[in-house]
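The basis for the numbers below is simple: all heavy atoms, side chains too, and nothing from hydrogens, waters or symmetry mates. Here the structure is a predicted model, which means the values were calculated and not measured.
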Amino acid sequence: MSELLKISLPDGSVREMPQGSTPADVAAAIGPGLAKAAIAARVDGELRDIMRPFEGDAQLALVTARDEADALELARHDFAHILAEAVQSLFPGTQITFGPSTDDGFYYDFAPKERPFTDEDLPVIEAEMRRIIAANKPLRREVWERDALIARWTEQGETFKAEWAAELPQGDEITVYWSGDEWMDMCRGPHLASTGRLDPAAFKLTRVSGAYWRGDQRNPQLSRIYGTGWLNKKQLDAHLVRLEEAAKRDHRKIGAEMDLFHLQAEAHGSVFWHPRGFVIYRALEAYMRRRLDAAGYLEVKTPQVMDARQWEQSGHWGKYRENMFVIPDEVPNTEDEGPVVSNDAAWMALKPMNCPAHVLIFRQGIKSYRDLPLRLAEMGCCHRNEPHGALHGLMRVRQFTQDDAHIFCREDQLVQEISQFCDLLDVVYKDLGFGDYAIKLALRPEKRFGTDEMWDWSEQSMRDAVAATGRNTQDWGWEELPGEGAFYAPKLEFHLTDAIGRTWQVGTIQTDTVLPERLDASYIAEDGNRHRPIMLHRAILGSYERFIGILIEHYAGKFPLWLAPVQAVVATIVSDADDYAREVVAALQAAGIRVEEDLRNEKINYKVREHSVGRVPNILVVGKQEAEKRTVALRRLGEQQQQFLSLDEVVAMLKSEALPPDLKG
């Protein structure tokens with residue numbers, strides 16, 4: 001008789017199971033309800049297929065649909081595989097590549113045999129996916145030897161899969177998953193037990209786009225099919241409503257309607273700010289400067305271009321060079337047909353971040369322990385070489401300005417500095433209309449600088465600082481993210497929730513002991529010896545470009561008055577009121593209100609409608625009667641009722657309402 005396995009459950013009980021048992025067997029032993037509800041398992045903390053046998057004694061936690069994060073990940077992974085199977089069934093000769101899950105669904109990249117896929121193909125693919133789900137095919141895991149798998153992919157003409165398998169380390173365990181006995185894909189898993197565990201009404205294919213094999217423009221172009229996937233139709237319907245609302249709020253669409261900015265191919269990933277858009281930028285920048293001044297920051301300005309040797313010393317040249325714009329340090333050849341740049345040119349780079357330059361400022365002159373903390377802030381323009389296909393309006397650009405700062409402090413000041421930053425960030429987010437945000441701690445990645453002892457200390461300091469503010473709770477969305485820190489430091493991430501429930505990762509603070517060491521930053525401590533400062537990298541908005549994009553979508557262009565590019569328009573009903581309208585405009589301008597006049601010979605309803613589309617928050621209508629009484633009819637954006645106020649009343653009211661939140665009493 002074989003030895004029984006001891007399977008420990010979350011309630012502390014232990015089940016003895018025969019060799020070869022699976023988590024599904026444990027669920028069945030507990031009861032038929034759990035056997036039906038269980039969809040996967042955590043075995044010693046690892047998410048696994050529910051039909052995968054135990055290898056020995058284990059800690060087991062069964063996963064059901066109530067464990068929504070795990071359940072959604074599994075469902076979306078399965079939808080991606082079923083999408084690939086459906087496409088190969090409908091379009092023989094199509095090669096498969098990769099198909100991961102995403103934050104709200106999944107995608108898969110294909111190499112079609114005859115033509116790229118289009119949105120017109122999606123309905124028939126959806127129908128085939130539902131047929132595969134209805135067939136309730138078992139999803140079965142197998143372990144293959146690398147060479148055997150390469151041979152199979154090659155035989156089937158799957159050149160992309162064969163290439164990827166050939167790059168996996170010799171001796172690694174390679175797993176594939178079968179859908180029934182007809183179709184398989186290389187995958188680590190886990191998956192649900194069968195296709196029938198998915199709700200066929202809980203997914204929708206959304207669009208087709210181009211992509212490059214492995215994201216490299218020099219490689220073959222692929223067809224990427226996107227989908228959204230959920231646990232049930234109710235979740236899907238709610239998501240589709242959010243997508244519809246998000247489309248209405250698209251910052252690119254609203255930016256065009258409000259004449260805020262544009263982008264064009266002559267400057268890929270760089271923003272052309274129009275006057276109205278730059279009003280928002282300047283108002284936000286001025287607000288941030290006032291907040292930073294009050295918090296004891298000193299503003300600096302550093303060079304855009306630095307020698308490659310500086311980036312080598314900081315570590316960015318080795319870890320980040322593919323994201324940098326590198327330029328030769330020589331005069332281009334203008335005399336003949338030879339190369340514009342010689343092979344002997346020294347190299348420089350546009351800065352992708354401000355931190356090394358701030359260390360160089362810190363190093364000017366001898367610093368004492370009494371000089372710390374030193375908080376250096378910069379509205380720093382940076383450049384990062386993002387792929388063209390990844391660029392997205394204001395949300396992902398190549399040139400951007402960070403609300404950046406670096407705090408140089410002693411070890412004994414670290415927790416207090418991080419805590420004060422958290423408090424400052426909280427005030428800023430609430431002033432900007434984001435009362436709901438989550439705090440997450442990104443922990444050490446596999447590739448990193450520094451010792452384990454340094455990382456232990458840095459990560460614990462982050463935990464202690466957030467605990468000191470009382471924000472390390474579920475109410476604040478507190479979570480630790482293994483492996484997601486920067487290569488030189490752990491970081492706190494701040495994730496905003498916008499008006500339609502989407503989350504945006506914006507603010508960060510990172511504890512760094514590596515860069516001060518690499519760039520030889522030091523201060524004279526109380527003991528008379530040189531010590532390394534702790535360097536905190538921090539940002540609240542992240543970048544002005546992206547944050548303004550988020551603000552546009554959060555408010556759907558209907559900004560709070562202090563940020564609105566045009567705060568009021570004075571519109572006439574009849575030309576007899578033109579002189580009075582100009583007087584109203586002058587009074588508002590004198591009060592600091594951004595106001596425009598509309599004296600066109602158009603009907604007032606046309607004017608009101610046009611300015612409402614432009615999201616002007618206040619329309620002051622004046623006619624002959626208002627001119628005689630020195631009043632205005634005030635129409636608020638989105639409201640049907642008018643207010644009838646004297647000129648002095650409306651000026652005083654709008655002046656008060658237009659004050660930025662930090663200047664209000």
Side-chain angles (χ1 to χ4, degrees), residues 102-103 107 207 209-219 221-222 224 226 246-247 249-282 284-285 301-306 308 311 316-317 319-328 340-341 347-357 378-404 486 502 504-508 539-554:
T102 65
D103 288 343
Y107 69 80
R207 62 189 175 94
S209 74
Y212 291 100
W213 170 236
R214 307 176 97 169
D216 190 329
Q217 298 178 46
R218 295 167 296 183
N219 289 339
Q221 189 165 25
L222 308 173
R224 175 172 294 178
Y226 286 92
R249 293 170 178 260
D250 189 307
H251 70 281
R252 296 164 298 180
K253 171 177 174 286
I254 293 174
E257 292 172 351
M258 296 181 68
D259 192 23
L260 303 181
F261 66 90
H262 83 276
L263 300 106
Q264 63 184 70
E266 286 76 4
H268 272 300
S270 299
V271 183
F272 293 82
W273 288 104
H274 297 189
R276 290 185 177 183
F278 205 56
V279 165
I280 301 170
Y281 190 110
R282 290 177 59 200
L284 187 59
E285 187 179 51
K301 191 71 175 173
T302 60
Q304 282 293 105
V305 180
M306 291 199 298
W311 299 110
H316 292 88
W317 197 253
K319 298 283 186 180
Y320 204 75
R321 189 169 64 244
E322 69 273 14
N323 299 110
M324 298 169 71
F325 285 101
V326 178
I327 56 178
V340 174
V341 179
W347 291 104
M348 304 185 78
L350 285 168
K351 65 176 178 181
M353 52 196 66
N354 303 299
C355 36
E378 180 172 9
M379 308 300 178
C381 181
C382 298
H383 290 78
R384 294 183 186 171
N385 195 356
E386 301 281 2
H388 287 194
L391 301 175
H392 177 69
L394 299 179
M395 301 305 192
R396 193 162 182 181
V397 292
R398 288 174 144 188
Q399 177 186 289
F400 57 94
T401 299
Q402 292 181 309
D403 68 313
D404 206 4
R502 298 171 301 181
W504 306 88
Q505 196 265 299
V506 281
T508 62
I540 295 175
L541 306 183
S543 81
Y544 279 89
E545 288 77 6
R546 181 167 178 264
F547 201 89
I548 290 171
I550 293 169
L551 282 172
I552 292 170
E553 298 200 1
H554 177 63

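The closest side-chain heavy-atom distance from Trp273 to Ile548 is below 4.5 Å. Between His251 and Ile550 there is no side-chain heavy-atom pair separated by less than 4.5 Å. In this structure, Glu553 and Trp504 have side chains that are in contact, with non-hydrogen atoms separated by less than 4.5 Å. Inter-residue side-chain proximity for Tyr212 and Arg218 is flagged as unmet; no heavy-atom pair is nearer than 4.5 Å. Side-chain contact between Val397 and Leu391 is absent, with no heavy-atom pair separated by less than 4.5 Å.
Between the side chain of Gln402 and the backbone N or O of Gly380 there is no donor-acceptor pair closer than 3.5 Å. Checked by atom type and distance alone, the side chain of Glu545 pairs as donor or acceptor with a backbone atom of Thr401 at under 3.5 Å. When atom types are taken as modelled, the side chain of His383 and the backbone of Phe325 share no donor-acceptor pair closer than 3.5 angstrom. Remark: side-chain polar atoms of Glu257 are not paired, donor with acceptor, to backbone N or O of Asp259 under 3.5 angstrom. With hydrogens and angles ignored, the 3.5 Å screen pairs a side-chain donor or acceptor of Arg249 with a backbone N or O of His554. Of the possible polar contacts, one joining the Arg398 side chain to the Glu386 backbone as a donor-acceptor pair under 3.5 Å is found. Proximity of a side-chain donor or acceptor of Asp403 to a complementary backbone N or O of Gly542 within less than 3.5 Å is detected.
In terms of heavy-atom proximity, Pro352 sits nearest to Phe400 at O-CZ, 4.1 Å.
Under the side-chain contact (heavy atoms from CB on, under 4.5 Å) test applied with Arg384, the options Met353, Gln399, Arg396 reduce to a single match, Met353.
Glu285 CD to Tyr544 OH: the interatomic distance, rounded to the nearest 0.5 Å, is 5.0 Å.
In this structure, Arg252 pairs ionically with Asp250, as a charged nitrogen and a carboxylate oxygen lie closer than 4.0 Å.
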